[in-house]
Chemist: 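Below are the structure tokens for one structure; questions will follow.
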Amino acid sequence: WWNTWFDRYAAFIAYHADLATRSGAQALILGGDWVTPALPGGQINGSSSGVPADAEARWQAVITDVRSRFTGSVYWALPYPGGLQSAQNIAKNLDGVYLLWYAPLNGSSVDQIKTAAGQLLDTELQPFQAELQKPVILAIAYPSADNAASASLPVSALFQPGSMQAPVNLQAQSDLYQALLMAVNERNWVGGFVSRGYYPPVGLQDATASIHGKPAADVLWYWFP
């Protein structure tokens, strides 16, 4: 069934590469934690996924086909903190890494959270970026909820309106954005900053990661006028 999976995934990605070309997109993002079991050495629930021994070659074939269809930048989405080593060989053949950041940050104030974020960036991400020699874009998602900085709420609920069962705390999310942007602004090796989970149809006042209609959106407006 792995042969079928790779065939269908290749067709899926080819469609989106063609769509990106026709729509004039500047970049296309592949990968993500949802395909981690299909990477070399992939696991499911701590056990081997049984991925074929030539998985890396299969991925390179997918990337080669994407490059033939789409001339913009192609990034690989990696989950943080668990994915830094899972796809380095694949990412080296792309234009950069789109880092899915939902990391616990200790601290009760903006300055404390900034310090905690800076330590992670310097000790874990900077060596990774220096070895990869590719841009690393920080793609963050934090709920607007109590204890948001602890990153203890399930990722699956961050992006579904109405699914987050947690006390709403809009300021906690805003403080996280302020702290992270302050930390990123001091490190010119970070290739970009993205807010994940934006819910376009309507502004929300719930605990999800969407900043639409929340104070965190004003923080981004201040940093990116």
Chemist: In terms of hydrophobic clusters joined by side-chain contacts under 4.5 Å, are Leu180 and Tyr222 together?
Modeler: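 As far as the 4.5 Å side-chain criterion goes, Tyr222 and Leu180 are connected within one cluster.
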Chemist: Does some side-chain heavy atom of Tyr80 sit less than 4.5 Å from a side-chain heavy atom of Leu100?
Modeler: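 A side-chain contact under 4.5 Å is absent here.
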Chemist: Can you classify the ring geometry of Tyr198 versus His212 as parallel (below 30°), tilted (30 to 60°) or perpendicular (above 60°)?
Modeler: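 Ring orientation of Tyr198 relative to His212: parallel.
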Chemist: Any heavy-atom pair between the side chains of Val168 and Leu170 that's under 4.5 Å?
Modeler: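 A side-chain contact exists here, since the closest heavy-atom pair is under 4.5 Å.
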Chemist: State plainly whether one hydrophobic cluster holds both Val97 and Trp189, where clusters connect Ile, Leu, Val, Met, Phe, Trp and Tyr through side-chain heavy atoms under 4.5 angstrom apart.
Modeler: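 Yes, it is one cluster - the side chains of Val97 and Trp189 are joined through contacts under 4.5 Å.
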Chemist: Check whether more than 12 heavy atoms from other residues, nucleotides or ligands sit under 6.0 Å from atom CD of Gln26, and answer yes or no.
Modeler: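 No, the 6.0 Å shell around CD holds no more than 12 heavy atoms from other groups.
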Chemist: A side-chain contact here means heavy atoms from C-beta on lying under 4.5 Å apart; do Ile29 and Val74 qualify?
Modeler: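 Ile29 vs Val74: side chains apart.
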Chemist: Please determine whether a side-chain nitrogen of the Lys or Arg among Lys114 and Asp175 lies less than 4.0 Å from a carboxylate oxygen of the Asp or Glu.
Modeler: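 A salt bridge is absent here (no side-chain N lies under 4.0 Å from a carboxylate O).
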Chemist: Got Arg196 and Phe159 here, is their nearest side-chain heavy-atom distance under 4.5 Å?
Modeler: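 They are in side-chain contact.
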Chemist: Please evaluate residues Arg67 and Asp95 with respect to the criterion salt bridge (Lys or Arg N to Asp or Glu O under 4.0 Å), reporting the C-alpha separation (whole Å), side-chain torsions for both, the decisive distance (0.1 Å), and the verdict.
Modeler: CA-CA 11 Å; Arg67 293 289 201 189; Asp95 298 301; 2.8 Å; yes
Chemist: Less than 4.0 Å between a side-chain N and a carboxylate O, is that true for Asp18 and Arg22?
Modeler: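 No, Arg22 and Asp18 are not salt-bridged.
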Chemist: Using side-chain heavy atoms (C-beta onward) and a distance below 4.5 Å, is Tyr75 in contact with Leu94?
Modeler: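 Not touching, per the 4.5 Å side-chain cut-off.
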Chemist: Same cluster or not: Leu220 versus Leu105, using hydrophobic residues (I, L, V, M, F, W, Y) connected whenever any side-chain heavy atoms lie under 4.5 Å apart?
Modeler: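 Yes; Leu105 is reachable from Leu220 via cluster members.
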Chemist: How close do Ala148 and Ala172 get, counting heavy atoms only, and between which atoms?
Modeler: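 Minimum heavy-atom separation between Ala148 and Ala172: CB-CB, 4.3 Å.
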Chemist: Answer with yes or no after comparing the ring centroid distance for Tyr102 and Tyr142 against a 6.0 Å cut-off, counting only values under it.
Modeler: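 Yes, the ring centres sit under 6.0 Å apart.
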Chemist: Would you call Pro40 and Glu56 a side-chain contact if the rule is heavy atoms closer than 4.5 Å?
Modeler: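 Yes, side chains in contact.
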Chemist: Judged by atom type as modelled, is there a donor-acceptor pair below 3.5 Å linking the side chain of Gln112 to the main-chain atoms of Asn106?
Modeler: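 The answer is no, because no donor-acceptor pair under 3.5 Å joins these two groups.
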Chemist: Taking NZ, NE, NH1 and NH2 as the nitrogens, is one of them in Asp7 or Arg58 under 4.0 Å from a carboxylate oxygen of the other?
Modeler: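 Arg58 and Asp7: not salt-bridged.
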Chemist: Should the ring pair Phe12 and Tyr9 be called parallel, tilted or perpendicular, given that the plane angle runs from 0 to 90° and is split at 30 and 60?
Modeler: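 Phe12 vs Tyr9 ring planes: tilted.
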Chemist: Within the 4.5 Å heavy-atom criterion, are Ile137 and Leu99 side-chain neighbours or not?
Modeler: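 They are not in contact (no side-chain heavy atoms under 4.5 Å apart), so the answer is no.
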Chemist: Quick check: closest heavy atoms across Gln178 and Val219, and the distance to 0.1 Å?
Modeler: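 The pair with the smallest heavy-atom distance is OE1-CG1, 3.4 Å.
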Chemist: I'd like to know if the side chain of Trp223 pairs up with that of Tyr177 as donor and acceptor (distance under 3.5 Å, no hydrogens or angles considered).
Modeler: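 No pair is found: no donor N or O on one side chain lies under 3.5 Å from an acceptor on the other.
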Chemist: Is the shortest side-chain heavy-atom distance between Thr208 and Leu158 below 4.5 Å?
Modeler: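 Thr208 does not reach Leu158 side chain to side chain.
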Chemist: Measuring from atom CD of Gln173 to atom CD1 of Ile140, what distance do you get when rounded to the nearest 0.5 angstrom?
Modeler: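 Rounded to the nearest 0.5 Å, the CD-CD1 separation comes to 8.0 Å.
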